[in-house]
Amino acid sequence: MNAPAKTEDFVSAVPAGVFAEKVLSVVHYTDRLFRFTMTRPQGFRFRSGEFAMIGLMVDGKPLYRAYSIASPAWADELEFFSIKVPDGPLTSHLQNIKPGDEVLMRKKPTGTLVLDALTPGKRLYMFSTGTGIAPFASLIRDPETYEKFEEVILTHTTRDVAELKYGFDLVEEIRNDEILSEVVGDKLRHYATVTREEYPYKGRITDLIENGKLFADLGVPALDPAVDRGMICGSSAMLKDTKDLLERAGLNEGANSKPAEFVIERAFVG
């Protein structure tokens, strides 16, 4: 059962205290990935990098999952980047949305991938795999990121080359935006790798950190807790392995209540 478009029946079924927002655009990248935008509720505030609980009415009941908000805090619309899971309780329905349909969203955003959870530094690494790039899509379009860091390195690892396109689209959109391009300048660096196809940069990001190829390719020193900060978003295995590598380099995990050298997002889409 797909989510209904905005009808009187849908509106009457929306739970109290929940936003019901209209889908504005949908872009399908592959048979596994899609991007969509929807209206932003008046008065809805969030910090770039946070996630929200979004959902649909499925069989007459609201079903939610955590999704990082891919748009920056200043944007008029909300953007999300999602996987498609054929038998996923939510994504099997969400992947069929069209402009004009309604998506539910709970009113309180949260998350640890925020600038406030990091201590001051010089270079910010954003380590992502798959749809884990979504919170960084928000942060690389937020001027505050470039006020706080001299260099921002976005790493994005996927299985296939086609799955990298969203990241390249984001960088291109920044370059083509008159205001953002001036703010970002040459501070943003995009390092894309794949694990299953031939590509100039190939391999798991954890392997490329461990063997030093990431730093050699970028022409930067190895991780240094005095200047480097990190954010990690991806699969549970990637989170654990990358966290271990950063801690081995002397970086400590932080949180909203106790800022430190790196942070992890543990909310998942399903």
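Here the structure is a predicted model, which is why all the values come from computation and not from measurement. The basis for the numbers below is simple: all heavy atoms, side chains too, and nothing from hydrogens, waters or symmetry mates.
Within the 3.5 Å criterion, the main-chain N or O of S25 finds a donor-acceptor partner in the side chain of T37. With hydrogens and angles ignored, the 3.5 Å screen pairs a side-chain donor or acceptor of N256 with a backbone N or O of G111. In this structure a side-chain-to-backbone donor-acceptor pair under 3.5 Å is present from N211 to K213. Distance alone, capped at 3.5 Å, places no donor-acceptor pair between the T193 side chain and the K202 backbone. Side-chain N or O atoms of K84 include one that pairs as donor or acceptor with a backbone N or O of T30 at under 3.5 Å.
D228 and R123 are joined by a salt bridge, as a carboxylate oxygen and a charged side-chain nitrogen come within less than 4.0 angstrom of each other. The existence of a salt bridge linking K148 and D116 is confirmed by a sub-4.0 Å separation between a basic side-chain nitrogen and an acidic carboxylate oxygen. Residues R248 and D244 are not paired through a salt bridge, judged by the lack of any N-O separation under 4.0 Å between the basic side chain and the carboxylate.
None of L63, L90, N96 except one satisfies the side-chain contact (heavy atoms from CB on, under 4.5 Å) rule with L56; the exception is L90.
Taking the ring-ring contact (aromatic ring centres under 6.0 Å, His included) definition, one finds that Y146 meets it with nothing, sequence neighbours left out. Take R35 and apply the salt bridge (charged side-chain N to carboxylate O under 4.0 Å, His left out) test, not counting sequence neighbours, and it matches E79, E173. Residues satisfying the salt bridge (charged side-chain N to carboxylate O under 4.0 Å, His left out) test with E150, not counting sequence neighbours, are none.
Nearest heavy-atom pair, M105 versus V18, reported as atom, atom and distance to 0.1 Å: O-CG1, 3.4 Å.
The aromatic rings of F81 and Y166 sit parallel, their planes meeting at an angle under 30°, below the 60° perpendicular limit.
In this structure, K107 is not positioned above the aromatic face of F44 in the sense of NZ or CZ being under 6.0 Å from the six-membered ring centre and within 45° of the axis.
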